[in-house]
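For reference, the structure is listed below as structure tokens.
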Amino acid sequence: MANSPIAMLFVLLIASLKLCTCFRYSSILCECTPSGYLRGKTGHCNTEHDSDCCKAGKMYPRYHCSPPLTKHTRATMTINSFAEGGDGGGPSECDNQYHSDDELVVALSTGWYNHGRRCLKNIKINANGNSVLAKVVDECDSVHGCDSDHDFQPPCPNNIVDASPAVWKALGISGSDVGDYDITWSDE
């Protein structure tokens, strides 16, 4: 019985449950799935850096998780101003401060932000044949949005490294390439 196909399938199923214990992950597919949807509301939205603004009635996915971390975690880098009056909205979550566009700072999607456990720590970002260390100062909220606290922007996707203009410059990415860019990152 121990070598039967049913027994092997059972062992594989149990192993997949152990490997994918991250909150809100599909235990069989090891994928981060939406934890629900948020109905969009409109309001004043700062469109600096071509920020997306919520559309009334549109349904936006919400994520409590992000893809699993590896030595070279794949992500989409977006651009964000953490300065007062910038498209990032209020002060940064980690230190309740605004940050100049000349600082190497980022916000991470909710799952990677991990309840602030990466606050004020550096991550290494690799893109365009270059790498840079940037300090985590904020959460790119993948659960909440479409309200004044989030500049009436939708919840972030679950795989975002939201980077200051200085990070983009340090990586040598400019012009029409700035916006959404495929990167890898890791804890320093």
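Heavy atoms only: backbone and side chains are in, while hydrogens, waters and symmetry mates are out. All figures in this text were calculated on a predicted structure; none of them were measured in a lab.
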- Message: Is there a path of hydrophobic side-chain contacts, each under 4.5 Å between heavy atoms of I/L/V/M/F/W/Y residues, joining Ile79 to Trp112?
- Response: yes

- Roughly how far apart are Thr76 OG1 and Asp182 CG, rounded to 0.5 Å? 5.5 Å

- Task: For the pair Thr70 (side chain) and Thr73 (backbone), establish whether a donor and an acceptor sit closer than 3.5 Å, ignoring hydrogens and angles.
- Result: yes

- To the nearest 0.5 angstrom, please state how far the CG atom of Asn126 sits from the OG1 atom of Thr184. 4.0 Å

- Does the disulfide bond (SG atoms under 2.5 Å apart) test come out yes or no for Cys156 and Cys140, once each step is laid out? CA-CA 6 Å; Cys156 278; Cys140 191; 1.7 Å; yes

- Message: Give me each pair satisfying salt bridge (charged side-chain N to carboxylate O under 4.0 Å, His left out) with a member in residues 113-136, each pair once, sequence neighbours excluded.
- Response: Arg118-Asp187

- Tell me, do Val136 and Ile123 make a side-chain contact under 4.5 Å, heavy atoms counted? yes

- So do the side chains of Asp138 and His99 get within less than 4.5 Å of each other, counting heavy atoms only? no

- Atom pair CG (Asp102) and OG (Ser164), whose distance is rounded to the nearest 0.5 Å: 8.5 Å

- Item | Hphob cluster co-occupancy, Phe82 + Leu120, side-chain heavy atoms under 4.5 angstrom | yes

- Smallest heavy-atom separation, Ala75 atom then Trp185 atom, equals CB-CD1, 3.8 Å

- Task: Could you give me the CA-CA distance, side-chain angles and deciding distance for Tyr63 and Ser109, then say whether side chain to side chain contact (heavy atoms under 4.5 Å, CB included) is met?
- Result: CA-CA 9 Å; Tyr63 293 93; Ser109 291; over 6 Å; no

- Closest non-hydrogen atoms of Pro67 and Asn158, given as atom of the first, atom of the second and distance, are CD-O, 3.3 Å

- Query: For the residue pair Glu103 and Ala166, what are the closest heavy atoms and their distance?
  - Reply: O-CB, 3.4 Å

- Would you say Asn128's side chain and Asn130's backbone share a donor-acceptor pair under 3.5 angstrom? no

- Message: Apply side chain to side chain contact (heavy atoms under 4.5 Å, CB included) to residues Thr47 and Cys53 and explain how you reach the verdict.
- Response: CA-CA 7 Å; Thr47 57; Cys53 297; 3.7 Å; yes

- Message: Within this structure, what is the CG-OG1 distance for the pair Asn159 and Thr78, rounded to the nearest 0.5 Å?
- Response: 9.5 Å

- If two hydrophobic side chains count as joined below 4.5 Å and joins carry through other members, does Val132 share a cluster with Ile160? no

- Yes or no on side chain to side chain contact (heavy atoms under 4.5 Å, CB included) for Ser66 and Tyr113, after CA distance, side-chain angles and deciding distance? CA-CA 9 Å; Ser66 290; Tyr113 181 73; over 6 Å; no

Would you give me the side-chain donor-acceptor pairs under 3.5 Å for residues 172-181, sequence neighbours excluded?
none

- Item | Pairs satisfying salt bridge (charged side-chain N to carboxylate O under 4.0 Å, His left out), at least one member in residues 153-171, at least two apart | none

- Task: Among Asp101, Leu104, Leu133, find the residue that satisfies the side chain to side chain contact (heavy atoms under 4.5 Å, CB included) test when tested with Val167.
- Result: Leu104

- Kindly give the heavy-atom pair with the smallest separation between Lys55 and Tyr60, and that separation in Å. N-OH, 2.8 Å

- Option among Asn122, Ile125, Val137 that satisfies the side chain to side chain contact (heavy atoms under 4.5 Å, CB included) test with Val106: Ile125

- Yes or no on side chain to side chain contact (heavy atoms under 4.5 Å, CB included) for Arg62 and His64, after CA distance, side-chain angles and deciding distance? CA-CA 7 Å; Arg62 304 166 74 183; His64 284 91; 5.7 Å; no

Please tabulate, for the side chains in residues 143-155, all donor-acceptor contacts under 3.5 angstrom to protein atoms that are two or more places apart in sequence or on a different chain.
| residue | atom | partner | partner atom | Å |
| --- | --- | --- | --- | --- |
| His144 | ND1 | Asp141 | OD2 | 3.2 |
| Asp147 | OD1 | Asp149 | N | 3.4 |
| Asp147 | OD1 | His150 | N | 3.0 |
| Asp147 | OD1 | His150 | ND1 | 2.6 |
| His150 | NE2 | Asp141 | OD2 | 3.0 |
| Asp151 | OD1 | Asn46 | N | 3.3 |
| Asp151 | OD2 | Asn46 | N | 2.9 |
| Asp151 | OD2 | Gln153 | NE2 | 3.0 |
| Gln153 | NE2 | Asp87 | O | 3.0 |

- Can you see which heavy atom on Cys54 is nearest to which on Lys41, and at what distance? CB-O, 3.2 Å

- Note on the structure: Residues passing the side-chain hydrogen bond (donor to acceptor under 3.5 Å, both in side chains) test with His72, sequence neighbours excluded, are none

- Would you please name every residue forming a ring-ring contact (aromatic ring centres under 6.0 Å, His included) with Trp168, sequence neighbours left out? none

